[in-house]
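A, B, ... follow the sequence lines: proteins, then strands. Residue 1 opens every chain. Please read these numbers as outputs of a predicted model, since none were measured by experiment. FYI, side chains are in, hydrogens and waters are out, and symmetry mates aren't considered; it's all heavy atoms of this structure.
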Amino acid sequence: MSYTNSVSMDDGNMVFNLMPNADFGYKVHGDPFSTNTRRVLAVLLEKGISYEPITVDLKTGEHKRESYLSLNPFGQVPVFEDGNIKLCESRAITQYIAYVHSSRGTQLLNLQSHKTMATLTMWMEFEAHQFDPFASVLTWEQVIKPIYGLETDQTVVEENETGLENVLNVYEKRLQESRFLACNTFTLVDLHHLPNIQYLLGTPTKKLFENRPKVRTWVDDITGREAWKLACDHDKSWFGK
Amino acid sequence: MAGIKVFGHAASISTRRVLLTLHEKNLDFELVHVDLKDGEHKKESFLSHNPFGKVPAFEDGDLKLFESRAITQYIAHRYEGQGTNLLQPDSKNLAHYAIMAMGMQVEAHQFDPLASKLAWEHVFKLIYGLTTDQAVVAEEEAKLAKVLDVYEARLKEFKYLAGDTFTLTDLHHIPAVQYLLETPTKKLFTERPHVNKWVAEITKRPASQKILQ
């Protein structure tokens, strides 16, 4: 194990706490509720790497103001800093961390051959181009819009649920042959899905995941991971740091 | 190289991304035509290649891949030693690799959604006998202008998007750029001097010319 587990007793239950104990001076500019920010936090936590969280106030539009645009000219969170390197685009950041820290914490790649890496890359593209377009719209409509006092558009929800169902049918078949999407171990591919899935489990869209037995098992597996639960706990993973 | 097959359409933006990469690498391959107009990509025979029913599908020996940007990355790595180097010059430098990876994400998430919509409105709709929606064009052009402003600033500092050499990041843009240069949207590229220079460089490459034939 390359990270320290501390064990505390809580009402007779053993609670394992992942304690990141490797400090490389990383900074994450973002919002602990943002799906894209959480994608990055998940990887850092799986790897047992600490980071300085810097809140960008999305509600007041801080991400569109000049000071933030100098970090990310596209005005989006998160931005990741490693010394002089500033990276935006969550899926580029997660890959960077997974490669640089390949031998630390959870192995998130499948580096055996060109073939295994190509399969992993392909499934990362599936998440980004087949799954995410529907999932992120469903998260926006049902979870984020209400926070901003806007009304959910049920027609948009229905259309995107239909699209998502077609994608999950493909996933159901895949998960009959493979324990996780890219291969038999948990990788970046599965991790990239977590932020939207987590939010959608709190909406009626939940049934799309529950109605498919292999998908349901996979969802339970990946959302049950300690690092992911920590990423969603904004006191532990963001404000309390 | 025996055994490389691409299942796709020679005019499709995503198929062209793969063809460009194969040409840059001087790799032999067979292009198996999939008739998009006929809905061939949604039929059972094609779905066995790509369950999402999209072109292109790719085979190299017993490896089957889909998603153009996964295919191009496979080719760039697997055939690293031959033809054009499509990765960073110092391929083991992970920070430089991350810059290229970030550029590829930017192309996929910031540039392509807009460029594809515009190519659809100006070019592909006409092939299907539909009419261009000028309101959509105006909206998407406004967004693309903002993205190209970011590119202009970047290309003032570097010759190409990920640094001083041509990489996959630049290549991924070429098919959509080629289509848009034949439409009124061309002006967004030509009115930005560094973007204009970059566009001229990447479209004049022999591989870029080959895919237009």
| message | Can you confirm whether A/Gln95 sits close enough to B/Gln105 that some side-chain heavy atom of one is under 4.5 Å from a side-chain heavy atom of the other? | response | yes

| note | Applying a strict 4.5 Å limit to non-hydrogen atoms, the region of B/Asp149 in contact with chain A is neither

| task | Fit a plane to each ring of A/His114 and B/His77, take the angle between them on a 0 to 90° scale, and name the class: parallel (under 30°), tilted (30 to 60°) or perpendicular (over 60°). | result | tilted

| message | Is B/His109 in contact with chain A via its backbone, its side chain, both, or neither, using a 4.5 Å heavy-atom distance? | response | side chain

| said: Would you say that more than 12 heavy atoms from the other residues, nucleotides or ligands in this model lie under 6.0 Å from the CD of A/Gln176, or not? | reply: yes

| query | What's the spacing between A/Glu127 CD and B/Glu67 CD if we round to 0.5 Å? | reply | 10.5 Å

| remark: Here the gap from B/His96 atom NE2 to A/Ile85 atom CD1, rounded to the nearest 0.5 Å, amounts to 8.0 Å

| remark: Okay, B/Ala153 and chain A: the region with an atom under 4.5 Å from a heavy atom over there is neither

| message | Under 4.5 Å from any heavy atom of chain B, what part of A/Tyr171 do you find: side chain, backbone, both or neither? | response | side chain

| task | Check each atom of B/Gln110 against the heavy atoms of chain A and say whether the ones under 4.5 Å are side chain, backbone, both or neither. | result | side chain

| query | In Å, rounded to the nearest 0.5 Å, how long is the span from CE of A/Met122 to CG of B/Leu63? | reply | 8.0 Å

| Under 4.5 Å from a heavy atom of chain A, the part of B/Val106 involved | both

| task | Could you tell me which portion of A/Val100 (side chain, backbone, both or neither) has an atom closer than 4.5 angstrom to a non-hydrogen atom of chain B? | result | both

| request: Report, as yes or no, whether the 6.0 Å neighbourhood of atom NZ on B/Lys187 holds more than 12 heavy atoms from other residues, nucleotides or ligands. | output: yes

| message | Within the supplied structure, the quantity of interest is the number of heavy atoms (other residues, nucleotides, ligands) at a distance under 6.0 Å from B/Lys92 NZ; does it exceed 12? | response | no

| Should B/Tyr74 and A/Thr121 count as side-chain neighbours, where that means a heavy-atom distance under 4.5 Å? | no

| task | Evaluate the side-chain proximity of A/His129 to B/Lys54: yes if any heavy-atom separation is below 4.5 Å, no if none is. | result | no

